[in-house]
Amino acid sequence: MFLCALFVSAYAMAAETTQLKQNEVLVTATRTEKKAAEVPMTLSVVTDEDISKSGAVTLADLLRDIPGVQLSSTGSAGIFRLSLRGESAARTLIMIDGVKISEQKSMDGAPLLVDINSIERVEVIKGPASVLYGSEAIGGVINVITKKGGTRAIQGSFTTMYDTGTEGTSNTLSLYGGHKGFYYRMEATSVDQGDRRDSDGDKVDNTKFESTNYRALVGFKNKKYDIGVEHTQYRSDNEVKTGYEDADLSAGDMKMEMDLPDWDRDKTQAYFEMNNEGSLLSRLRVDAYTQNTYKKFINNMYMKMGPTTATYLSTTKNDLDSVGFNAQANFSFTDSNLLIAGVEYMKDDLEAKENILNFMATTPVDSTSDANQSSWSFFAQDEQVIAQNFVLTGGLRYTKTETELESTTKAGQTPGSSDTDSTVGSISLMYNGIKNTVFRAQVATGYRTPNLQQLYMGTTHGSSTPTKSNKDLDSETSTNYEVGVRYAGSGLDADLALFYSKAKDYITTVKVADPTTTSGFANLYTNVNEATTKGLEMTIGYTIADFRPYVEATLIKRDFDYGTYSTTKVGSPEKYAKYGVEYDKTIGKNLSLNADLYVRYAETAETEDSAGDITEDSGYSTYNLSVSGVYTFDSGRRFLLSAEALNLNDEDYYLAGATEALVEPGRHYVLKAGIEF
């Protein structure tokens with residue numbers, strides 16, 4: 001109430017628009033530092049200021065309103081995936097400080113194992129970006145850049161947050177600083193989110209999640225060199241909502257229970273950067289890293305068979321070690337020409353252990369499989385200013401991937417090896433000859449290499465019917481055509497993008513006869529599916545005094561070919577948006593205030609199967625309000641207070657494709673306070 005009163009009574013000079021600020025943000029989407037307005041791709045940026053005001057607990061929550069972004073979940077309230085432009089999460093690349101989060105034994109894509117309190121900014125690159133970033137970047141790239149040191153010898157911050165919808169808390173303590181070129185940062189975060197509550201106030205069981213994050217960094221930087229090393233340790237414990245936990249076995253229903261007690265990430269990374277403006281070799285960057293992701297997944301099923309209850313019990317442990325390095329050199333041949341060339345290497349070593357008690361069996365079966373996948377990539381991109389106001393950019397990447405199942409004790413698997421290669425390219429043209437306006441056009445190709453599960457290991461998750469691997473799989477590919485325009489001036493800010501994408505060789509499963517299984521059949525990975533996607537993404541706002549009404553919307557249409565049938569009803573909404581009015585004001589030199597009254601909207605999503613039957617995920621509109629205030633002391637220290645009122649209309653709704661029982665929280669409030677000292 002106090003903050004609202006300040007908003008009503010405050011007066012000061014007009015605030016800059018959000019888009020104007022974003023256009024000035026320095027980003028690395030092109031693998032070299034540029035202003036966001038100068039990037040030839042469609043790009044959205046979430047800044048440190050945006051994060052500090054937000055009540056989001058996870059990266060998924062933080063990015064959910066960006067045009068082109070959709071959330072997907074297989075049942076855990078704490079483990080969401082992000083998809084871009086209708087592509088699955090497996091076709092969206094997740095990177096943290098230039099290091100990819102690998103996922104070699106899942107069809108759901110990489111998990112978002114990162115603490116948002118460590119993030120300086122997030123760059124969301126939409127459309128194929130494989131030339132610069134490699135495999136998985138068919139839908140785009142989520143590029144996370146973490147915080148580094150400070151400007152004084154000793155600095156720190158503490159942030160605490162409380163969510164009434166889960167009775168959950170999040171607390172972060174950071175110590176950081178810099179002195180005579182040396183810098184450091186130490187962070188610790190604890191997140192404890194309870195069960196959600198729906199619109200009736202009832203608890204939604206199996207929606208708890210917890211996480212901890214510890215991070216330490218030390219480095220040295222001067223005008224020419226930047227060298228450092230960091231270590232991150234992320235731990236999470238997530239309950240999984242299946243919707244069948246309370247099934248009535250006596251009525252013939254199947255009961256299903258899942259749990260994800262461990263999904264962890266450890267990373268150690270060293271980096272070296274040399275900047276030498278005015279020289280032929282203007283920049284050199286080298287990163288070397290080791291990373292481990294560990295996942296323990298429990299999948300149990302129960303079914304009544306006559307007088308007895310048949311049980312299927314499965315525990316899987318995936319231990320994935322990744323090592324690699326990235327090296328990149330920038331060559332400035334002239335003031336109007338920049339060549340970026342680089343090499344990347346990454347090797348994933350996976351140890352997968354399973355303990356499975358099958359239906360009607362009396363003894364569980366243990367198995368262990370060891371497999372690896374390594375890749376070398378070489379890329380180059382040239383940027384040339386032509387005819388004064390035109391910028392032409394073209395690039396190529398070649399990738400060689402080798403995959404091997406070294407050993408296995410799992411029935412039906414045979415050790416072996418295979419290799420594949422991919423070549424992709426892109427070309428873009430920008431025109432900035434009109435004041436406050438930048439036009440862009442791009443053609444780009446992308447690819448996704450099959451993972452270890454698809455090539456050699458298979459899976460039984462979610463069913464007692466096995467899904468078998470296929471070592472002859474091809475890489476998934478796509479070609480994207482795009483035009484866009486950015487404008488920021490005279491109070492108006494806009495970013496529009498029209499795109500058309502054609503993808504082929506999607507990896508899916510087909511049913512095949514298999515006399516070794518109880519049912520007499522199995523599923524087999526194969527390249528069958530294709531998709532044609534066309535759409536519009538837009539952000540439009542207009543600043544009137546201190547108010548900015550805005551619309552951030554996505555219109556997308558997909559035609560999916562499953563091999564035996566095709567449909568445009570693919571399980572995701574064709575229209576979704578965030579629209580509202582933002583208020584931004586600075587009072588004197590110390591106090592800044594912000595308020596945002598907005599609507600989240602998604603239309604009904606339909607899914608059509610091969611028989612022509614259609615299921616629906618209902619659309620929704622929720623009303624939301626956020627307010628925040630930041631007081632900056634003359635010393636530079638800051639105090640922040642924010643509050644969010646979410647789903648004010650108390651609607652029961654579900655994200656498209658989410659487990660049916662995983663309802664989103666009803667009306668709830670998020671309170672956040674922080675201090676920087």
Side-chain angles (χ1 to χ4, degrees), residues 18-19 21-39 41-72 78-85 87 89 91-101 109-127 129 132-133 136-137 139-148 159 161 170 172 174 185 187 189 191 211 213 215 217 230 232 234 265 267 269 287 495 497 537 539 552 554 578 596 626 628 642 672:
T18 300
Q19 191 64 36
K21 291 177 181 178
Q22 286 213 346
N23 284 339
E24 296 301 313
V25 172
L26 293 177
V27 298
T28 56
T30 58
R31 297 189 74 123
T32 190
E33 201 169 73
K34 288 180 175 293
K35 292 181 180 179
E38 299 171 351
V39 173
M41 311 160 178
T42 300
L43 174 74
S44 294
V45 184
V46 179
T47 66
D48 181 33
E49 181 182 352
D50 299 326
I51 297 170
S52 66
K53 293 186 294 187
S54 172
V57 174
T58 67
L59 180 59
D61 286 332
L62 184 68
L63 303 182
R64 65 180 296 174
D65 296 319
I66 290 176
V69 173
Q70 287 182 280
L71 305 191
S72 61
I79 297 289
F80 279 84
R81 267 74 160 208
L82 293 172
S83 64
L84 294 175
R85 292 189 170 176
E87 299 290 358
R91 302 181 188 105
T92 298
L93 178 62
I94 309 296
M95 301 182 70
I96 302 175
D97 291 328
V99 176
K100 164 185 170 181
I101 298 182
L112 306 176
L113 305 178
V114 58
D115 173 30
I116 66 170
N117 297 286
S118 294
I119 298 174
E120 176 184 291
R121 69 179 184 276
V122 185
E123 301 173 9
V124 182
I125 306 164
K126 302 162 196 176
L132 291 179
Y133 294 104
E136 277 93 272
V141 179
I142 308 295
N143 189 21
V144 176
I145 293 90
T146 60
K147 297 175 182 177
K148 301 299 187 289
T159 303
M161 184 169 57
S170 175
T172 297
S174 300
R185 177 173 288 268
E187 297 173 339
T189 297
V191 174
S211 68
N213 184 73
R215 179 170 174 258
L217 173 146
E230 68 168 290
T232 300
Y234 183 92
R265 182 176 71 93
K267 185 186 77 168
Q269 180 174 357
D287 292 88
D495 193 339
E537 295 163 354
T539 298
E552 299 172 355
T554 304
K578 175 186 176 184
D596 193 4
S626 68
S628 64
S642 69
K672 183 177 182 180

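Count residues from 1 along the sequence.
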Interatomic distance, OG1@Thr47 vs CD@Glu120, rounded to 0.5 Å, equals 9.5 Å
Here the gap from Asp495 atom CG to Ser44 atom OG, rounded to the nearest 0.5 Å, amounts to 7.0 Å
In short, Ala129 meets Val141 closest at the heavy-atom pair CB-CG2, 3.8 Å
Do you see a donor-acceptor pair shorter than 3.5 Å between the side chains of Asp287 and Gln269? yes
Heavy-atom check, side chain of Asp596 versus side chain of Lys578, under 4.5 Å = yes
In short, Ala110 meets Ile94 closest at the heavy-atom pair CB-CG1, 4.1 Å
Q.
Regarding Ser628 and Ser642, do their side chains bring together a donor and an acceptor under 3.5 Å, going by distance alone?
A. no
query: Are any of the side-chain heavy atoms of Val122 and Ile116 separated by less than 4.5 Å?
result: no
Next on the checklist: Determine whether Asn117 and Asn213 satisfy the following criterion, side-chain contact (heavy atoms from CB on, under 4.5 Å), listing intermediate values before the conclusion.
Outcome noted: CA-CA 9 Å; Asn117 297 286; Asn213 184 73; over 6 Å; no
> Do any N or O atoms from the side chain of Lys100 and from the backbone of Gly98 form a donor-acceptor pair under 3.5 angstrom?
Replying inline: no
pair Ile66-Lys126: side-chain heavy atoms closer than 4.5 Å: yes
CG of Asp115 to OG1 of Thr189, rounded to nearest 0.5 Å, is 3.5 Å
Taking every heavy atom of Leu132 against every heavy atom of Arg31, the minimum-distance pair comes out as O-NH1, 2.6 Å
In this structure, CD of Glu38 is separated from CG of Leu26 (nearest 0.5 Å) by 9.0 Å
For the pair Arg265 (side chain) and Leu113 (backbone), establish whether a donor and an acceptor sit closer than 3.5 Å, ignoring hydrogens and angles. yes
Main-chain N/O of Thr146 paired with Asp97 side-chain donor or acceptor, under 3.5 Å
yes
Distance col, row Ile96:CD1 vs Ile119:CD1, nearest 0.5 angstrom, shows 7.5 Å
For Lys672, the salt bridge (charged side-chain N to carboxylate O under 4.0 Å, His left out) test, sequence neighbours excluded, returns none
In terms of heavy-atom contacts, Gly68 and Thr554 come closest through N-OG1, 2.8 Å
The reported gap from OG1 in Thr42 to CZ in Arg85 (rounded to nearest 0.5 angstrom) is 5.0 Å
- Task: Please tell me if the side chains of Arg121 and Thr28 come closer than 4.5 Å, counting only heavy atoms from C-beta onward.
- Result: yes
Closest heavy-atom pair, Gly139 versus Glu87, reported as atoms and distance to 0.1 Å, is CA-CG, 3.7 Å
For Glu230, the side-chain hydrogen bond (donor to acceptor under 3.5 Å, both in side chains) test, sequence neighbours excluded, returns Arg215
Quick check against the 3.5 Å criterion: does Tyr133 have a side-chain atom that pairs as donor or acceptor with the backbone of Gly140?
no
Worksheet item: Side chains of Leu43 and Val124: closer than 4.5 Å at any heavy-atom pair?
Response: no
ask   = So, the side chain of Arg185 versus the backbone of Lys148: is there a donor-acceptor pair under 3.5 Å, distance only?
value = yes
Give the intermediate values and the outcome of side-chain contact (heavy atoms from CB on, under 4.5 Å) for residues Val27 and Met41. CA-CA 12 Å; Val27 298; Met41 311 160 178; over 6 Å; no
Item to complete: Answer whether the closest heavy-atom distance between the side chains of Leu112 and Thr58 falls below 4.5 Å.
Response: no
(Q) With side-chain contact (heavy atoms from CB on, under 4.5 Å) as the criterion, how do Gln70 and Thr92 come out once you've worked through the C-alpha distance, each side chain's angles and the decisive distance to 0.1 Å? (A) CA-CA 11 Å; Gln70 287 182 280; Thr92 298; over 6 Å; no
Note: Ile125 and Ala29 closest approach over all heavy atoms is CD1-CB, 3.7 Å
